[in-house]
J.: 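I have a structure I would like to understand better, so I am pasting it below and will then ask my questions one at a time.
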Amino acid sequence: MNSQVERRDVVIIGAGPSGSIAAALMKRRGWDVLVLEAQQFPRFVIGESLLTHCLDFIDEAGMLPAVRAAGFKHKNGAAFIRREEYGEVDFREQFTPGHESTYQVPRAAFDKLLADEAEKQGAEIRYLVRVVAFDNSQMPVRVTTENAQGERAVIEAKFVFDASGFARVLPKLLNLETPSNFPSRAAVFSHVIDHAPADAFDRDKVQISVHPRHKDVWYWIIPFADHRCSVGCAASQEFFANYSADNATRIKQLFAEEPFMAKTFENAVWDSPVRSQAGYAASVKSMWGPGFALLGNAAEFLDPVFSSGITIAMKSASLAAAVLDRQFRGESVDWNREFEAPLRKGVDVFRLYVYAWYDGRFQDIMFSSNRAPGIRRMICSILAGYAWDESNPFVADAERRLDTLAQLCRPAPSIGQVQ
Ligand code: FAD
């Protein structure tokens, strides 16, 4: 074997939330960690609303004091708006014991903070280095990298975590991708200076509003600490085809159609690029294989509506780091039973809620006054990210409970509909 080849315990592809949390968790257990990141940080990524469960993983990775000190916008729940109807969840009411508030974070700053914290704990991060090939036909596995000058190098690793987000490096290289069971949806989004009146909405909550004529078209407002907000609209790609192909024009056309968004942002300053992302729902045949495991979006991405992406990403990092540590210590581990199956449990709970959002069942529940306080708290816990808490009946028996509740909450048909 070539003695020039660099050898590491763990190589992590990508320094987003899943990569940085996994890096810190492995380093804290005493392993040598190298993170390879294609971009220079800070860099833009969409997805700024954290769930409270995220803070458990940030804490586990020893990063909570730094996140608390960063001055991010406090968040205590989510508000839902459909024409004159309003519903909200307040994380202080949640069923599962845990954090009762969290943050709304510009990702450029948040992801850089997590990466810097992982570095402070001793993980090495190389920016502007892209992983371009992977060979796991023998152990140790071999990762081929390319730097900004186009120079290639090979690194040997005992194990690789793919935390490359939507780039999905290993799923593509290893032919692991499989279609998501969600239709192809898209989003158009930007950051704005909102100039909204103080009472326009609750800045401590993410705001989700529904298009007045299309229940599967929705908007978000994620307020930041500095009078800026992340705003966007999500819909099917066919729906977006009816609007301008220019993102900046399209988002304004869409905002004009929803009275709450139109009014709230009538004086907004659109000073940032308007971007779009399409076909984001993604899945894989397997989340692990010889010498590797997939974390975060590289494994599965459902939908942005319940802000579950970063929570799932961090949960995957936490589960994978625990299994890999035991494997490195010579214990016999079962990646399917200890990593993929438990991860999928919570992902599948979120998946059910995403389905229920788009087919209208969740909206019926959220806008109904017919919800007992105990049930409110159980649903609140899931929206706070505690989708793995089997003591919550809405997790343990998710499908049946959700369905029954939706039937109870469904509005009676109007006279027009009965005729
Ligand atoms: P990422 O954060 O994407 O990080 C991946 C990193 O890998 C990047 O820095 C990238 O540069 C690097 N990389 C890629 N390819 C390579 C390579 N070949 N070599 C080396 N490095 C590489 N989630 C929420 O929790 N809350 C939200 O409000 C929310 N809103 C969303 C809105 C939209 C419209 C969308 C599409 C998603 C949203 N999400 C949200 C999802 C969330 O952004 C992601 O789930 C989250 O970023 C996943 O983190 P990650 O660590 O898997 O990947």
Side-chain angles (χ1 to χ4, degrees), residues 11-23 34-54 57 75 78 102-108 110-112 114-115 118 125-134 143-148 155 160-173 182 185-190 206-208 218-222 229-235 275-282 294-317 320 347 350 383 385:
V11 164
I12 301 179
I13 311 172
S18 60
S20 291
I21 295 286
L34 172 64
V35 183
L36 303 168
E37 168 53 55
Q39 300 185 63
Q40 186 62 59
F41 277 20
R43 52 89 175 96
F44 180 89
V45 179
I46 192 63
E48 300 97 343
S49 189
L50 302 185
L51 304 183
T52 58
H53 195 22
C54 288
F57 306 117
K75 170 185 170 186
T102 182
Y103 299 101
Q104 298 167 149
V105 296
R107 288 286 300 281
F110 178 72
D111 288 16
K112 179 162 183 349
L114 297 190
I125 304 185
R126 279 182 209 155
Y127 291 97
L128 296 173
V129 176
R130 178 180 298 277
V131 171
V132 293
F134 177 70
V143 169
T144 305
T145 64
E146 189 175 285
N147 68 13
I155 302 170
V160 170
F161 285 149
D162 181 3
S164 62
F166 289 116
R168 303 167 63 74
V169 172
L170 293 193
K172 286 193 172 121
L173 289 172
F182 290 118
R185 297 197 172 98
V188 57
F189 45 82
S190 190
V206 57
Q207 312 283 312
I208 305 290
W218 59 275
Y219 303 77
W220 76 79
I221 308 174
I222 301 172
C229 295
S230 167
V231 291
C233 178
R275 298 173 162 97
S276 60
Q277 198 158 333
Y280 33 68
L294 310 178
L295 309 184
N297 284 6
E300 173 107 35
F301 182 70
L302 300 170
D303 190 272
V305 68
F306 294 122
S307 306
S308 56
I310 299 172
T311 304
I312 293 171
M314 291 183 173
K315 174 77 180 181
S316 69
V347 171
F350 280 122
L383 299 196

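Whatever order the structure lists ligands and atoms in, that order sets their numbers, starting from 1. Predicted, not measured: the structure shown is a model, and the values here were computed from it. Both backbone and side-chain heavy atoms feed into the values below; hydrogens, waters and symmetry mates do not.
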J.: Check ligand 1 against Phe41 and write out every atom of the ligand that is under 4.0 Å from a heavy-atom position of the residue.
T.: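 Answer, ordered by atom number: 9 (O).
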J.: Using the test salt bridge (charged side-chain N to carboxylate O under 4.0 Å, His left out), find all partners of Glu300 that sit at least two apart in sequence or belong to another chain.
T.: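 For Glu300 the salt bridge (charged side-chain N to carboxylate O under 4.0 Å, His left out) partners, ignoring immediate neighbours, are Arg344, Arg351.
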J.: Who's the nearest protein heavy-atom neighbour of atom 10 (C) of ligand 1, and how far?
T.: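 Heavy-atom neighbour on the protein nearest atom 10 (C) of ligand 1: Glu37 OE2, 3.4 Å.
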J.: Rounded at 0.5 Å granularity, tell me how far CZ in Phe301 sits from CZ in Phe166.
T.: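 It comes to 4.5 Å.
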J.: Between Ile46 and ligand 1, which residue portion shows a heavy-atom distance shorter than 4.0 Å: side chain, backbone, both, or neither?
T.: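 Both backbone and side chain.
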J.: Using a strict 4.0 Å cut-off to heavy atoms of Leu36, name the atoms of ligand 1 that fall inside it.
T.: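 Ligand 1 atoms under the 4.0 Å threshold to Leu36: 20 (C), 21 (N).
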J.: Out of all atoms in ligand 1, which are within 4.0 Å of some heavy atom of Ser49? Include the element for each.
T.: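 Going through ligand 1 atom by atom, the ones under 4.0 Å from Ser49 are 24 (C), 25 (O), 26 (N), 27 (C), 28 (O).
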J.: So between Tyr280, Phe301, Phe134, whose heavy atom ends up nearest atom 41 (C) of ligand 1?
T.: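 It is Phe301 whose heavy atom sits nearest to atom 41 (C) of ligand 1.
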J.: Under 3.5 Å between some N or O of ligand 1 and some N or O of Ala38?
T.: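 Min N/O separation from ligand 1 is below 3.5 Å for Ala38.
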J.: Under 4.0 Å from any heavy atom of Arg43, which atoms of ligand 1 are there?
T.: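 Ligand 1 atoms under the 4.0 Å threshold to Arg43: 2 (O), 4 (O), 8 (C), 9 (O).
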J.: Does the side chain of Ser316 reach to within under 4.5 Å of the side chain of Val347, using non-hydrogen atoms?
T.: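 Result no, sub-4.5 Å side-chain heavy-atom pair not found.
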J.: Below 3.5 angstrom, do we get any N/O pair linking Arg130 and ligand 1?
T.: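 No; the residue has no nitrogen or oxygen that sits under 3.5 Å from a nitrogen or oxygen of the ligand.
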J.: Distance to 0.1 Å, residue and atom name: give those for the protein heavy atom nearest to atom 39 (N) of ligand 1.
T.: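 Result for atom 39 (N) of ligand 1: Gly47 CA, 3.8 Å.
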J.: If only atom types and distance count, is the side chain of Glu37 paired as donor or acceptor with the main-chain N or O of Ile125 below 3.5 Å?
T.: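 Such a contact is absent between Glu37 side chain and Ile125 backbone.
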J.: How would you list, by chain and number, every residue that makes a salt bridge (charged side-chain N to carboxylate O under 4.0 Å, His left out) with Arg43, sequence neighbours excluded?
T.: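 Result, salt bridge (charged side-chain N to carboxylate O under 4.0 Å, His left out) vs Arg43: Asp111.
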J.: I need the nearest protein heavy-atom contact for atom 32 (C) of ligand 1: residue, atom name and distance, please.
T.: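 The closest one turns out to be Pro304 CB, 3.4 Å.
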J.: Taking atom 18 (N) of ligand 1 as the point of reference, which of Ile21, Val131, Val35, Val45 owns the nearest heavy atom?
T.: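 Among Ile21, Val131, Val35, Val45, the closest heavy atom to atom 18 (N) of ligand 1 belongs to Val131.
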J.: Kindly state whether the ring of Tyr127 and the ring of Phe41 have centres lying under 6.0 angstrom apart.
T.: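 Ring-ring flag for Tyr127/Phe41: true, centres closer than 6.0 Å.
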J.: What atoms in ligand 1 come closer than 4.0 Å to a heavy atom of Ile310?
T.: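 Checking each atom against Ile310, I get 23 (N), 24 (C), 25 (O), 45 (O).
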J.: Can you confirm, on distance only, whether ligand 1 has an N/O atom lying under 3.5 Å from any N/O atom belonging to Gln39?
T.: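 Indeed, backbone or side chain, Gln39 has an N or O that close.
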J.: Without swapping roles, check the side chain of Ser164 against the backbone of Val169 for a donor-acceptor pair under 3.5 Å.
T.: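 Checking the backbone N and O of Val169 against the side chain of Ser164, a donor-acceptor pair under 3.5 Å is found.
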J.: Can you name the atoms of ligand 1, numbered from 1 with element, that are less than 4.0 Å from a heavy atom of Gly14?
T.: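 With Gly14 as reference, the close atoms of ligand 1 come out as 6 (C), 7 (O), 12 (C), 21 (N).
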J.: Counting each atom of ligand 1 from 1 as listed, which ones have a heavy atom of Ala187 under 4.0 Å away?
T.: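 Those atoms are 34 (C).
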J.: Checking a contact table here: which protein heavy atom is nearest atom 53 (O) of ligand 1, and how many Å away?
T.: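 Answer, as residue, atom name and distance: Gly165 CA, 3.4 Å.
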J.: Considering only protein heavy atoms, which is closest to atom 15 (N) of ligand 1, and at what distance to one decimal place?
T.: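 Result: Ala167 CB, 3.2 Å.
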J.: Report, in ascending order of atom number, the atoms of ligand 1 lying under 4.0 Å from any heavy atom of Arg107.
T.: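 Contacts of ligand 1 toward Arg107, numbered from 1: 2 (O), 42 (C), 43 (O), 46 (C), 47 (O).
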J.: On a heavy-atom basis, which atom in Pro304 and which in Tyr280 lie closest, and how many Å separate them?
T.: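 Result for this residue pair: CD-CE1, 3.5 Å.
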J.: Regarding atom 5 (C) of ligand 1: of the candidates Ala163, Ser20, Cys54, Ala186, which has the closest heavy atom?
T.: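 Answer by nearest heavy atom: Ala163.
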J.: Would you mind checking which non-hydrogen protein atom is closest to atom 45 (O) of ligand 1, with the distance to 0.1 Å?
T.: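 So the nearest neighbour among protein heavy atoms is Asn297 OD1, 2.7 Å.
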J.: Please write down residue, atom name and distance for the protein heavy atom closest to atom 51 (O) of ligand 1.
T.: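 Going atom by atom, the protein heavy atom closest to atom 51 (O) of ligand 1 ends up being Ser18 OG, 2.7 Å.
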J.: Return the minimal non-hydrogen interatomic distance between Ser18 and Ala313, and the atom names on each side.
T.: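 For Ser18 versus Ala313, the nearest heavy atoms are CB-O, 3.5 Å.
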J.: Which one of Pro17, Ser164, Ser307, Ser276 has a non-hydrogen atom at the shortest distance from atom 49 (O) of ligand 1?
T.: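 Ranked by closest heavy atom to atom 49 (O) of ligand 1, first place is Pro17.
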J.: Is a donor on one side and an acceptor on the other found under 3.5 Å between the side chain of Arg107 and the backbone of Gly47?
T.: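 Here the side-chain-to-backbone pair exists.
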J.: Going by heavy atoms, is Val132 under 4.0 Å from ligand 1?
T.: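 It does not; every heavy atom stays at 4.0 Å or beyond.
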J.: Any side-chain to backbone donor/acceptor pair from Lys75 onto Leu50? Under 3.5 Å, distance only.
T.: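 Checking the backbone N and O of Leu50 against the side chain of Lys75, a donor-acceptor pair under 3.5 Å is found.
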